[in-house]
Amino acid sequence: MTKNIPVLKGITHANEMLADALRKQFNQHRVLVLDIIASPGAGKTTIIEKTIAGLHDELRLMVIEGDPTTSIDAERVSAAGVPAVQINTGGGCHLEAHMIQISLQQLDLSEADVVIIENVGNLMCPTDWDLGEDMKVVVASLPEGDDKPLKYPLSFQAADAVVVNKIDLEPYLPASTQKMRENTLTINPNAALFAVSAITGEGFEPWLEWIKEKLAEKRASLDSAST
Ligand SMILES: Nc1nc2c(ncn2[C@@H]2O[C@H](COP(=O)(O)OP(=O)(O)OP(=O)(O)O)[C@@H](O)[C@H]2O)c(=O)[nH]1
Ligand SMILES: [Mg+2]
């Protein structure tokens, strides 16, 4: 005999509703929100630190940090000179919209142009969780191998931009930046692609320009929607 078992579809539905509310809040403040996704140690925080250094004179940045434990990353970005909040997820491998909602109690969005969310180090879990962001950015660390876009396609498919990091190490690696680019474009031909070293600063100019461009585009589209 077949039983009627209830199947709960869209288990992330509550998250999506909350993310929509967050998106409205971000739009009201005309803030661009980036969700940075990558495996542990790919260089997310170092990229954020260099981004702060590069944009500090022009834009007001704020950072929400997600890690299983510690406030090490929030302390690092706070030392770089911007307001920062740390979320500890315990055993959780991704951030969820309700965590962002709580962290916003600590940030005055009227003082922000760009909010950067550093998701928990994981190349899969965060992909499906809408945080109300405008753009998902995947950091692909070259030492981890140029095959990662092929092996973890979902996060690369969801990315608006892919930042290949640690290119300064290329001479010592079997991986190649060119191959990483090709593999990324095979999975997601529309992704904006950057190749950087967050240590030396190489390749940062186009990345910083992209952020400024996306902020200007968002504000222009909000303006045209309101007229
Ligand atoms: N050689 C080199 N090392 C880098 C680069 N970017 C980051 N690192 C180093 O990589 C290590 C991890 O960097 P983080 O920025 O802490 O990485 P993360 O992705 O924020 O790590 P989690 O938050 O723990 O997931 C540190 O030792 C950095 O100094 C880079 O472009 N080149
Ligand atoms: Mg980090």
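Every value quoted in this text rests on a predicted model; they were computed, and no experiment measured them. If you read the sequence from its start, that first residue is 1, and numbering goes on from there. Worth knowing before you read on, the calculation uses all heavy atoms, side chains too, and leaves out hydrogens, waters and symmetry mates. Just so you know, ligand 1 is whichever comes first in the structure, and atom 1 is the first atom listed for that ligand.
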Colleague: Counting only heavy atoms not in E217, do more than 12 fall under 6.0 Å of its CD?
Modeller: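 More than 12 within 6.0 Å, yes.
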
Colleague: What pair of heavy atoms forms the shortest contact from V82 to L61, and how long is it?
Modeller: CB-O, 3.4 Å

Colleague: For atom 31 (O) of ligand 1, grab the closest protein heavy atom and report residue, atom and distance to one decimal in Å.
Modeller: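 Scanning the protein heavy atoms, the shortest distance from atom 31 (O) of ligand 1 goes to A198 N, 2.8 Å.
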
Colleague: Find all atoms of ligand 1 within a distance of less than 4.0 Å from any non-hydrogen atom belonging to K44, and give their numbers and elements.
Modeller: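 Listed by number with element: 15 (O), 17 (O), 18 (P), 19 (O), 20 (O), 21 (O), 22 (P), 25 (O).
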
Colleague: Is it possible for you to say whether V137 and V196 belong to one hydrophobic cluster, with membership spreading through side-chain heavy-atom contacts below 4.5 Å?
Modeller: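 In one cluster with V137: V196, yes.
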
Colleague: Starting from atom 20 (O) of ligand 1, locate the nearest protein heavy atom and write down its residue, its atom name and how far away it is, to 0.1 Å.
Modeller: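 In this structure, atom 20 (O) of ligand 1 has T45 OG1, 2.7 Å as its nearest protein heavy atom.
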
Colleague: Search all heavy atoms of N122 against all heavy atoms of P40 and return the closest pair with its distance.
Modeller: N-CD, 4.0 Å

Colleague: As an exercise, identify every atom of ligand 1 less than 4.0 angstrom from a heavy atom of L169.
Modeller: 1 (N)

Colleague: Counting only heavy atoms not in Y152, do more than 12 fall under 6.0 Å of its OH?
Modeller: no

Colleague: Please give me the minimum heavy-atom distance between A42 and V139, naming the atom from each residue.
Modeller: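 Between these two residues, the closest heavy atoms are O-CG1, 3.9 Å.
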
Colleague: Counting both backbone and side chain atoms, is some N or O of G43 under 3.5 Å from an N or O of ligand 1?
Modeller: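 Yes, there is a polar N/O contact under 3.5 Å.
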
Colleague: G41: heavy atom below 4.0 Å from ligand 1, yes or no?
Modeller: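 Contact check G41 vs ligand 1: positive.
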
Colleague: Please verify whether a non-hydrogen atom of E118 lies at under 4.0 Å from ligand 1.
Modeller: yes

Colleague: Is it true that D168 and T200 share a donor-acceptor pair across their side chains at a distance under 3.5 Å?
Modeller: no

Colleague: May I ask you to identify the nearest protein heavy atom to atom 3 (N) of ligand 1, giving residue, atom name and distance to one decimal place in Å?
Modeller: I199 CG1, 3.4 Å

Colleague: Which ligand 1 atoms does D67 reach within 4.0 Å, using its non-hydrogen atoms?
Modeller: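 Counting atoms of ligand 1 from 1, those under 4.0 Å from D67 are 23 (O).
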
Colleague: In terms of the angle between their ring planes, are H94 and W129 parallel, tilted or perpendicular, with boundaries placed at 30° and 60°?
Modeller: parallel

Colleague: Between ligand 1 and R76, can you find any atom pair, the residue atom being a heavy atom, that is separated by under 4.0 Å?
Modeller: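 Yes; R76 lies near enough to ligand 1 that a heavy-atom distance drops under 4.0 Å.
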
Colleague: Tell me which protein heavy atom sits closest to atom 1 (N) of ligand 1, plus the residue, atom name and distance to 0.1 Å.
Modeller: D168 OD2, 2.8 Å

Colleague: If we count only non-hydrogen protein atoms and require a distance under 4.0 Å, does atom 27 (O) of ligand 1 qualify as touching the protein?
Modeller: no

Colleague: If you count every heavy atom of other residues, nucleotides or ligands that lies below 6.0 Å from L169 atom CG, does the total exceed 12?
Modeller: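 It does: L169 CG has more than 12 such atoms within range.
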
Colleague: Any idea which of V139, T200, T46 brings a heavy atom closest to atom 14 (P) of ligand 1?
Modeller: T46

Colleague: Examine all N, O or S atoms of E118, backbone included, and report whether one is under 2.8 Å from the Mg ion (ligand 2).
Modeller: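 Yes, since at least one N, O or S atom of E118 sits under 2.8 Å from the Mg ion (ligand 2).
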
Colleague: Has ligand 1 got any nitrogen or oxygen that is less than 3.5 angstrom from a nitrogen or oxygen of A42?
Modeller: yes

Colleague: Please list the nearest protein heavy atom to atom 8 (N) of ligand 1 with its residue and the distance rounded to 0.1 Å.
Modeller: K166 CE, 3.7 Å

Colleague: Enter the distance from I116:CD1 to M135:CE here, rounded to the nearest 0.5 Å.
Modeller: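 With rounding to 0.5 Å, CD1 (I116) is 13.5 Å from CE (M135).
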
Colleague: What is the minimum heavy-atom distance between A175 and D146, and which atoms define it?
Modeller: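 So the two residues come closest at CA-OD2, 3.4 Å.
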
Colleague: Side chains of D67 and Q86: do they bring a donor and an acceptor to under 3.5 Å?
Modeller: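 A donor-acceptor contact under 3.5 Å links the two side chains.
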
Colleague: Of I36, N165, D73, V196, which has the heavy atom at the shortest distance from atom 23 (O) of ligand 1?
Modeller: D73

Colleague: Please determine if the Mg ion (ligand 2) has an N/O/S atom from D73 lying under 2.8 Å away.
Modeller: yes

Colleague: Is the distance from the Mg ion (ligand 2) to some N, O or S atom of T46 under 2.8 Å?
Modeller: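 No N, O or S atom of T46 is closer than 2.8 Å to the Mg ion (ligand 2), so no.
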
